[in-house]
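Okay, structure first, notes after.
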Protein chains: 2
Amino acid sequence: MLTVTGLRERKKQQTYDALSEAAIALFLKRGFDEVSVTDIAEAANVSKPTLFKYFPTKQDLVLHRIADHRHESARVVAAAGVPPVQALREHFLAGLTARDPITGLNDHPQVLAYYKLVFTTPALTTRLHQFMDDDERALAEALGGDLKGELLAAQAVSVQRVLSRRNWEVITAGQRAADRYLDAVTEAETAFDGLPIG
Amino acid sequence: MLTVTGLRERKKQQTYDALSEAAIALFLKRGFDEVSVTDIAEAANVSKPTLFKYFPTKQDLVLHRIADHRHESARVVAAAGVPPVQALREHFLAGLTARDPITGLNDHPQVLAYYKLVFTTPALTTRLHQFMDDDERALAEALGGDLKGELLAAQAVSVQRVLSRRNWEVITAGQRAADRYLDAVTEAETAFDGLPIG
DNA sequence: CACAAAAGATTAACTCGGTCAATCTTTTGC
DNA sequence: GCAAAAGATTGACCGAGTTAATCTTTTGTG
């Protein structure tokens, strides 16, 4: 068995990428609701059932990028040697510095277009919230699963959602990420200060 | 114009009730996903498009009861003469005392069956979360719409969701509402104490 | 009390997201 | 090199939700 990666694996990856890229390109051009999954399957030279073997829902054609970050908060807390809230705060602040798109503080046109698509399409925001609920559950578990853990998890996820959304809105209104950075840090610190333990 | 309530209004109300009751009865008996909207329309002697004129989605046939409480938090805050967090806390505690189903502290079999249906059906919990997001937006607006308001709104909604869910789980596990009451109050006070300002 | 206008219900046909059973292709064990 | 298993592909199908045209019922008015 000398095959490093089977031919099959490579083809699968190719199909996956073709679907995702075709989908996002079409969605960006015509809008999420104006493109049918059949259109996407055709554009990727694949049948509709095949598409759904790669992506469980139409929304996931867009959101798989974000979904890859699933349970990140829980992992951060579990891996950290410091108190949970401190770990989450530092992780978010590092994200701001790195201009991680998930913090909303990124003004690359492609990133902006992508998030505009997500935030202005109800079906996508809905599914995004499902992912965040998953995140919250995992985080609550990582925090012990008791009342305090559940509350902290819910509030930590909320905080990150509100902060990211605000950053994205300011950037969308035209401000450069670099110009927003300091305010974003200030807001993040204010927000995390409001969490128990600190 | 002496007509107190037109005949038309009454018939509409009748159809509305017939649809809702037929739907919930069928869902409770066979499960949400095992009943088609066509089944419900037939049971209510109505056509499918007519059903959708009364309820925008299949889920709303179940959730309209909860949806009636929309923006309740925002209204509570707006109507109160006390600080927002205090108003929300008092409102929730009053709900516990009154065994308001929305607090999870209600052990009537019908109520339990209804919430079991809601919480164990993904399509319903998803739509429920959409309502809570609406609630959160309205509350944030009522709180001023700035960062602090948005954060407080998100956390207040989270707190109520976590508390209600915990109560429901304990009741579902077999405890009587009366026996849960004191713990529910304690947990609620702990949770609201964690919110800014208090 | 009749009747015109309008509001609402009905029907049939349609679109679209998602699933399934059967078929075909590729990989793998011998 | 080949048979069997694993996996990919497809056409046919189902259910939610919509639309346009038609028909019924209610209501305000002469």
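Order of the sequence lines sets the chain letters (A, B, ...), proteins ahead of strands, with each chain counted from 1.
If you check every strand for non-hydrogen atoms under 4.0 Å, B:T57 touches sugar and phosphate atoms only. Residue A:S36 is classed as a sugar-phosphate contact, given heavy-atom separations below 4.0 Å to backbone atoms only.
Going from atom CD of A:E42 over to atom P of D:dT9 covers 16 Å, rounded to whole Å. Rounded to whole Å, the distance from CZ on A:F55 to P on D:dT9 is 13 Å. Atom CD in B:Q59 sits roughly 12 Å away from atom C1' in D:dG15 (whole-Å rounding). For A:R30 and C:dC16, the CZ to P distance is 10 Å, given to the nearest whole Å. Put simply, CD on B:E34 is 10 Å from P on D:dG15, counting in whole angstrom units. One can place CG of B:D33 at 12 Å from C1' of D:dA16, the figure rounded to the nearest angstrom. One atom, CG of A:L51, and another, P of C:dG18, lie 9 Å apart when rounded to the nearest Å. Atom CD1 in B:I40 sits roughly 13 Å away from atom C1' in D:dG17 (whole-Å rounding).
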Next item on the list: In sequence, state the C-alpha distance, the side-chain angles, and the governing distance for A:T97 and A:Y181, and then conclude on side chain to side chain donor-acceptor pair (under 3.5 Å).
Entry: CA-CA 8 Å; A:T97 308; A:Y181 177 69; 3.0 Å; yes

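Atom NE2 of B:H108 is surrounded by 12 or fewer heavy atoms from other residues, nucleotides or ligands within 6.0 Å.
The side chain of A:F52 has C:dG18 as its nearest neighbour among C:dG18, D:dT10, D:dG17. Taking the side chain of A:P49 as heavy atoms from C-beta on, and the options D:dT9, C:dG17, D:dT10, the nearest nucleotide is D:dT10. The side chain of B:S47 approaches C:dT10 more closely than any other nucleotide in the set C:dG18, C:dT10, D:dT9.
Using a 4.0 Å cut-off between charged side-chain N and carboxylate O, B:D193 and B:R89 make a salt bridge. Taking a cutoff of 4.0 Å between a charged side-chain nitrogen and a carboxylate oxygen, B:D179 and B:R176 do not qualify as a salt bridge.
Checked by distance alone, A:K48 brings a side-chain donor or acceptor within 3.5 Å of a matching partner on the base of C:dG18.
The shortest distance between the side-chain N/O atoms of B:Y54 and the OP1/OP2 oxygens of C:dA9 is below 4.0 Å. Look at B:T50 and you won't find any side-chain N or O under 4.0 angstrom from OP1 or OP2 of C:dA9.
No cation-pi contact links B:K58 to B:F52, judged by a cut-off of 6.0 Å to the six-membered ring centre and 45° from its axis.
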